[in-house]
2 protein chains.
Amino acid sequence: MLFADQGAQPMMGRLLAHLLICDPPHQSSADLAEALQASAGSISTLTRQLLAMGMIQKAVVPGSRATFFRLTPGMWVDLMRQRNGSLRAVREAADRGLRALAHRPTEQLDRLREFRDFYLFLEGEMPRLLDAWLARRQETPR
Amino acid sequence: MLFADQGAQPMMGRLLAHLLICDPPHQSSADLAEALQASAGSISTLTRQLLAMGMIQKAVVPGSRATFFRLTPGMWVDLMRQRNGSLRAVREAADRGLRALAHRPTEQLDRLREFRDFYLFLEGEMPRLLDAWLARRQETPR
DNA sequence: TTTCGGATTCAGAACATACTGAAACTTCGA
DNA sequence: TCGAAGTTTCAGTATGTTCTGAATCCGAAA
């Protein structure tokens, strides 16, 4: 499964893919290491990163000392919301550029202004789109 | 200008940023090499790639043998359209996964199905969003 | 306190990427 | 046909990234 997880290292993609289909849905570090044929070190690093991003959660399983992990429900939507932050970063950079070049004749700035406006548009519309998705999910019977 | 051009090497980001603000808007290879302090080899490779992606165009300037380049008008929208292709790739991979696991009890597939549905939603809505942007651009007086 | 299952850290190996510089090539005018 | 301007190609270098393995750490049970 070619998981082109933008900005994720290959093993992180495999880890997420596994958590998407594994049975049961929660897995211990050892389970993951075994399933992905990865070192314990890798798993530790990756789970720490994914926890920090909020993409996975810890789960406790009675009778086992080990830590278990599962996908955070609704994480894909959250992920897209986070990505909106990088749209904003680009838009803000464009704004700084426009401010810095304010002394130039206006038609020279058309290109940069259009770029900025486009990103501003996306930045504003993406949250709407995600809300629309959540609303649709809500009304669909499971 | 921190150009976090997803999937573009640093120098490509700088090249695009330069074409966004340079005066005049078309630049020769030598101009670019000079402005970015890059080797002629880099410029050649990068312009070839950007041409292939349709993000820049060649321009002829009378009286000069050199090739000039300028940003393709409307390229940012096109870029987003292309990115829709990677949404589709992910969605298709999820579909293959669902087909391969069709024998499993349905509730085990909930996670993967929701993932697929979300990407399918985005894949369908993004083009609408871009059309909405173009329509708005149209009616705005330049 | 010791022991042991389990987790974490990090130096280093293997691999991948981005760019340069120099040589080869193309094109056009003389 | 020659020469010069301009461009392309590519081997090599520098730099980054990803993962492993071994040492270390932590905490619970004995």
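Only this structure's heavy atoms are used, side chains among them; waters, hydrogens and symmetry mates stay out. Protein chains get the first letters and strands the later ones, always in sequence-line order, with residue 1 at the start of each.
Here the C1' atom of nucleotide C:dG6 and the NZ atom of A:K58 are 12 Å apart, to the nearest Å. As rounded to whole Å, 15 Å separates atom C1' of C:dC25 from atom CZ of B:R48. Note: CZ (B:F69) to C1' (D:dT8) measures 11 Å, nearest angstrom. Atom C1' of nucleotide D:dG6 and atom CG of B:D31 are separated by 13 Å, given to the nearest angstrom. Atom pair B:Q49:CD and C:dA18:C1' shows a separation of 10 Å (rounding to whole Å applied). Atom pair A:L50:CG and C:dT8:P shows a separation of 13 Å (rounding to whole Å applied). For B:Q27 and D:dT7, the CD to C1' distance is 17 Å, given to the nearest whole Å.
Checked for salt-bridge contact, A:D95 and A:R91 meet the test: a charged N lies under 4.0 Å from a carboxylate O. With respect to the salt-bridge test (charged N to carboxylate O, under 4.0 angstrom), the residues B:R81 and B:D131 qualify.
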- [ ] Check step by step if side-chain contact (heavy atoms from CB on, under 4.5 Å) holds for B:R137 and A:E114.
- [x] CA-CA 9 Å; B:R137 264 295 89 165; A:E114 169 137 9; 3.8 Å; yes

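Atom-to-atom distance recorded for A:H18:NE2 and A:L71:CG is 10.5 Å, nearest 0.5 angstrom. The CE atom of A:M11 sits 9.0 Å away from atom CD of A:Q37, with the distance rounded to the nearest 0.5 Å.
Residues A:L50 and A:T72 fail the side-chain proximity criterion, which asks for heavy atoms closer than 4.5 Å.
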- [ ] Could you encode protein contacts along nucleotides 15-30 of chain D as a string, one character per nucleotide from 5' to 3', using B for base contact, S for sugar-phosphate-only contact and - for no contact, with a heavy-atom cut-off of under 4.0 Å?
- [x] ---SSBB-----B---

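Among the protein residues, A:S28 comes within range of no part of the nucleic acid, since none of its heavy atoms lies under 4.0 Å from any strand.
The side chain of B:S29 places no N or O atom within less than 4.0 Å of a non-bridging phosphate oxygen (OP1 or OP2) of D:dG6.
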